[in-house]
Protein chains: 2
Amino acid sequence: MAASRRPTLADVAREVGVSAKTVSRVLNEDGPASAQTREQVLAAVARLGFQPNLMARNIRVGGPDTTVGLVIPDLGNPFFGAVASSIEDTVRDRGLTLLMGSSADDPERERALTATFLARRVSVLMVVPSVGADHSHLKPHRSGGLPVVFLDRPGTGLATDSVVSTNRSGAHDGVAHLIAHGHRRIGFIGDLPTKLYTRRERLAGYREALREAGLPDDRSLVTNAHDQHGASAATAQLLALPDPPTALFAGNNIVALGIVTELARSHRKDVAVVAFDDVALADALEPALTVVAQDPEEIGRTAATAALSRLDGDRSRARTLTVPTRLIVRGSGERPAP
Amino acid sequence: MAASRRPTLADVAREVGVSAKTVSRVLNEDGPASAQTREQVLAAVARLGFQPNLMARNIRVGGPDTTVGLVIPDLGNPFFGAVASSIEDTVRDRGLTLLMGSSADDPERERALTATFLARRVSVLMVVPSVGADHSHLKPHRSGGLPVVFLDRPGTGLATDSVVSTNRSGAHDGVAHLIAHGHRRIGFIGDLPTKLYTRRERLAGYREALREAGLPDDRSLVTNAHDQHGASAATAQLLALPDPPTALFAGNNIVALGIVTELARSHRKDVAVVAFDDVALADALEPALTVVAQDPEEIGRTAATAALSRLDGDRSRARTLTVPTRLIVRGSGERPAP
DNA sequence: TTGTACGCGTTATCAG
DNA sequence: CTGATAACGCGTACAA
């Protein structure tokens with residue numbers, strides 16, 4: 001039961017009585033081979049359970065490995081799960097395998113992950129940049145031909161493709177929707193840290209909408225949370241203000257969970273809510289949750305497609321690809337202001 | 001702007017004027033090296049942006065690659081996302097990187113993925129087995145020392161570790177809970193295909209609970225769905241029966257979404273519901289959703305820990321590790337029968 | 001149709 | 001302390 005070495009080309013060759021190269025030829029359908037040897041080789045391959053060593057092959061061929069390195073903040077977040085799923089669907093047709101890791105939005109972990117991926121010579125690098133991360137160290141790789149694509153947020157210090165949602169206009173539309181229903185005091189609960197790109201953009205959209213409507217930008221109505229519980233607490237806090245908001249805008253899906261949960265707990269049915277990013281069960285709530293839906297599938301597909309076209313030699317300048325959001329009216333955002 | 005070759009050990013060596021091996025020594029803190037050369041080498045490494053080629057290293061060392069191959073049915077399903085996240089957290093400490101792919105529950109895709117992983121000489125293979133897949137082909141690898149762990153469901157044709165939830169007793173408890181609240185006609189909406197392990201186990205738990213209570217096992221109350229929409233349709237269908245159920249048991253998280261959504265759409269507040277597997281926003285529903293919660297983090301951690309201990313030479317016989325479920329009472333399961 | 005020589009980038013071995 | 005040489009498993013180039 002000793003852990004015997006995995007069989008190699010040479011083992012198969014010896015077994016059949018041919019050269020290693022002949023075996024290689026048969027397996028890769030490369031050069032010609034007599035039906036006779038082909039059969040013998042295939043038989044031996046099956047008998048020994050030989051499987052070519054992909055790493056050895058790649059090192060020889062010299063090209064990049066058939067993998068896609070993907071860094072996301074949190075594998076457990078449904079949004080990123082959906083994005084990853086879509087990426088995989090897209091690159092699978094090219095025979096690429098996903099190499100994944102989560103950064104927890106920590107620049108150091110992100111850097112460690114990308115380093116691992118680069119050491120593995122991934123064909124493509126796709127990253128959701130962590131706050132505070134600098135990407136200028138990817139420059140030589142990028143100009144060396146490695147496609148690098150930023151997801152959800154733009155990177156820093158590197159001109160390359162990125163794919164983002166229409167954060168600003170989406171948030172604007174969501175908030176304008178609340179204003180159209182008579183709300184004048186609208187709370188904003190956003191991501192943490194506040195420097196986060198999506199947070200900034202969505203907040204900007206929120207402010208734009210307020211400004212357009214001639215509403216004051218009351219700082220006390222803008223707050224943050226970095227998880228569901230925090231969002232619940234922030235909700236309670238906003239509603240306890242002397243002059244509380246009559247509507248809330250959620251800066252992301254996790255915040256939305258917290259807001260909705262807190263409103264349900266405190267039986268506050270009078271507060272209007274619009275959330276950025278859709279969540280499961282949104283339409284089973286009472287009232288159903290109105291959202292500015294992102295399109296994670298499209299984000300993933302767009303990013304993967306861009307990366308593959310770079311892989312195919314597209315040398316045009318770096319683009320920022322924008323995936324539209326869509327306001328889905330379900331009820332919570334249409335509650336009239338008192 | 002030519003895609004210049006990535007620098008190699010030899011390049012660094014030439015730059016400094018030493019041999020490749022010396023550079024290797026410095027980087028791996030292997031043999032001794034004078035402070036002088038060490039510094040020069042490190043400087044050259046930084047200057048050239050050299051990164052050792054992990055594939056080349058592995059091919060030389062011969063051992064398995066520092067990767068974990070993970071096959072799950074669907075990256076977008078929050079349950080599997082949470083499991084994957086937990087696995088990653090656990091193996092990261094060992095310097096292992098996640099190699100992931102989704103099988104869509106298709107045996108052929110599963111097989112293709114595992115083949116890729118094996119060709120990459122993963123250190124560990126973790127698989128959520130697809131329905132109908134046979135795993136006897138993994139036997140030689142497993143006896144060759146490769147840790148193989150099945151997740152969520154046991155595999156077929158291979159004696160190895162697997163990690164599953166207490167599906168049967170969990171479902172039993174959930175259904176018994178409904179019975180305790182007076183329900184005598186309880187609908188079951190399960191996974192598809194019906195051969196799926198989790199589906200069978202949970203259905204068995206459902207039947208056990210009925211039997212214990214002396215209730216008939218009415219086949220017309222047992223149905224299936226393979227996505228959220230299907231579950232909604234199945235819900236409507238069950239409730240349209242001449243003698244409809246007064247309570248529903250959801251066989252998984254996706255089915256739960258469908259049931260809850262359909263009940264909300266049709267304003268049926270009188271139907272009790274218990275779901276297997278927790279879902280986001282469960283406690284924001286009205287009534288909040290009572291669930292038999294799985295523990296995806298623990299499942300992932302348990303599986304990863306088992307795999308790592310095998311990697312460390314644990315040769316004890318294959319175990320089936322069971323992760324307990326927990327009934328979380330929130331409201332929907334406590335509605336009394338009419 | 002098949003084999004030989006060599007190289008990919010790295011590390012092990014053993015000599016200096 | 002350092003270097004030359006071989007080797008890992010495979011593919012390319014060319015010859016037989």
Side-chain angles (χ1 to χ4, degrees), chain A residues 3-42 44-45 48-66 115-116 118-123 141 144, chain B residues 3-42 44-45 48-66 115-116 118-122 144:
Chain A
S4 53
R5 210 172 38 76
R6 304 278 285 274
T8 75
L9 265 192
D11 296 326
V12 177
R14 200 175 314 115
E15 180 90 356
V16 182
V18 296
S19 83
K21 178 57 202 169
T22 302
V23 179
S24 167
R25 266 198 274 259
V26 170
L27 292 178
N28 298 338
E29 317 211 344
D30 195 21
S34 76
Q36 164 86 354
T37 36
R38 155 169 286 110
E39 225 169 299
Q40 289 183 322
V41 166
L42 291 178
V45 163
L48 297 181
F50 167 80
Q51 273 183 313
N53 186 326
L54 261 179
M55 295 190 292
R57 158 179 297 167
N58 271 325
I59 204 187
R60 173 65 252 238
V61 175
D65 190 15
T66 57
T116 306
L118 293 171
R120 294 182 175 285
R121 306 299 191 257
V122 293
S123 289
H141 298 96
Chain B
S4 54
R5 210 172 37 76
R6 304 277 283 273
T8 75
L9 265 193
D11 295 326
V12 178
R14 200 175 313 116
E15 182 89 356
V16 181
V18 297
S19 82
K21 178 57 195 168
T22 300
V23 179
S24 168
R25 266 197 275 259
V26 169
L27 292 178
N28 298 338
E29 317 210 346
D30 197 19
S34 75
Q36 164 88 357
T37 36
R38 155 170 286 110
E39 226 170 298
Q40 290 184 321
V41 165
L42 291 178
V45 163
L48 297 181
F50 168 80
Q51 271 183 315
N53 185 327
L54 234 50
M55 294 191 292
R57 175 203 304 256
N58 271 325
I59 206 185
R60 174 65 250 232
V61 175
D65 190 15
T66 57
T116 306
L118 292 171
R120 293 182 176 286
R121 306 299 191 254
V122 293

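Keep in mind that the numbers below use all heavy atoms, side chains included, and drop hydrogens, waters and symmetry copies. Proteins get letters first, then strands, A, B, ... in listed order; numbering begins at 1 in each.
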Pairing residues for B:Arg60 by the side chain to side chain contact (heavy atoms under 4.5 Å, CB included) criterion, not counting sequence neighbours = none
task = Respond yes when some side-chain nitrogen or oxygen of B:Thr22 is under 4.0 Å from OP1 or OP2 of D:dC1, and no when none is.
result = no
ask   = B:Val23 versus B:Val16: any side-chain heavy-atom pair under 4.5 Å?
value = no
Residue A:Arg25, side-chain atoms from C-beta onward, closest of D:dA4, C:dG3, D:dC1 = C:dG3
message = For the residue pair A:Ser24 / A:Arg57, report whether a side-chain donor-acceptor contact shorter than 3.5 Å exists.
response = no
Distance in angstrom units between A:Gln40 CD and C:dT1 P, rounded = 15 Å
Restricting both atoms to N or O, compile the protein contacts to nucleotides 6-10 of chain C shorter than 3.5 Å, with distance only.
unit_1	atom_1	unit_2	atom_2	d
C:dG7	N2	A:Arg60	NE	3.3
C:dG7	N2	A:Arg60	NH1	3.2
C:dG7	N3	A:Arg60	NH1	3.2
C:dT10	OP1	B:Asn53	N	2.9
C:dT10	OP2	B:Leu9	N	2.5

key: Between D:dA16 (C1') and A:Lys21 (NZ): distance, integer Å   = 16 Å
Steps toward side chain to side chain contact (heavy atoms under 4.5 Å, CB included) verdict (A:Val122, A:Thr66) = CA-CA 7 Å; A:Val122 293; A:Thr66 57; over 6 Å; no
query = salt bridge (charged side-chain N to carboxylate O under 4.0 Å, His left out) with B:Asp30: which of B:Arg25, B:Arg38, B:Lys21?
reply = B:Lys21
request  = Measure the CZ-CG distance between A:Arg6 and A:Asp11 for me, rounded to the nearest 0.5 Å.
outcome  = 12.0 Å
query = Phosphate oxygens OP1/OP2 of D:dT2: is one of them under 4.0 Å from a side-chain N or O of B:Ser34?
reply = yes
task = Rounded to the nearest angstrom, tell me the gap between atom CG in A:Asp30 and atom C1' in C:dT2.
result = 13 Å
message = When you compare the side chain of A:Arg121 with that of A:Asn58, does any pair of heavy atoms fall below 4.5 Å?
response = no
query = Taking side chain as C-beta onward, heavy atoms only, is A:His141 less than 4.5 Å from B:Gln51?
reply = yes
query = In whole Å, what is the span from the CG atom of B:Asn58 to the P atom of D:dC8?
reply = 16 Å
request  = Enter the inter-axis angle for the ends of the helix from C:dT1-D:dA16 to C:dG16-D:dC1 (five pairs per end, rounded to 10°).
outcome  = 40°
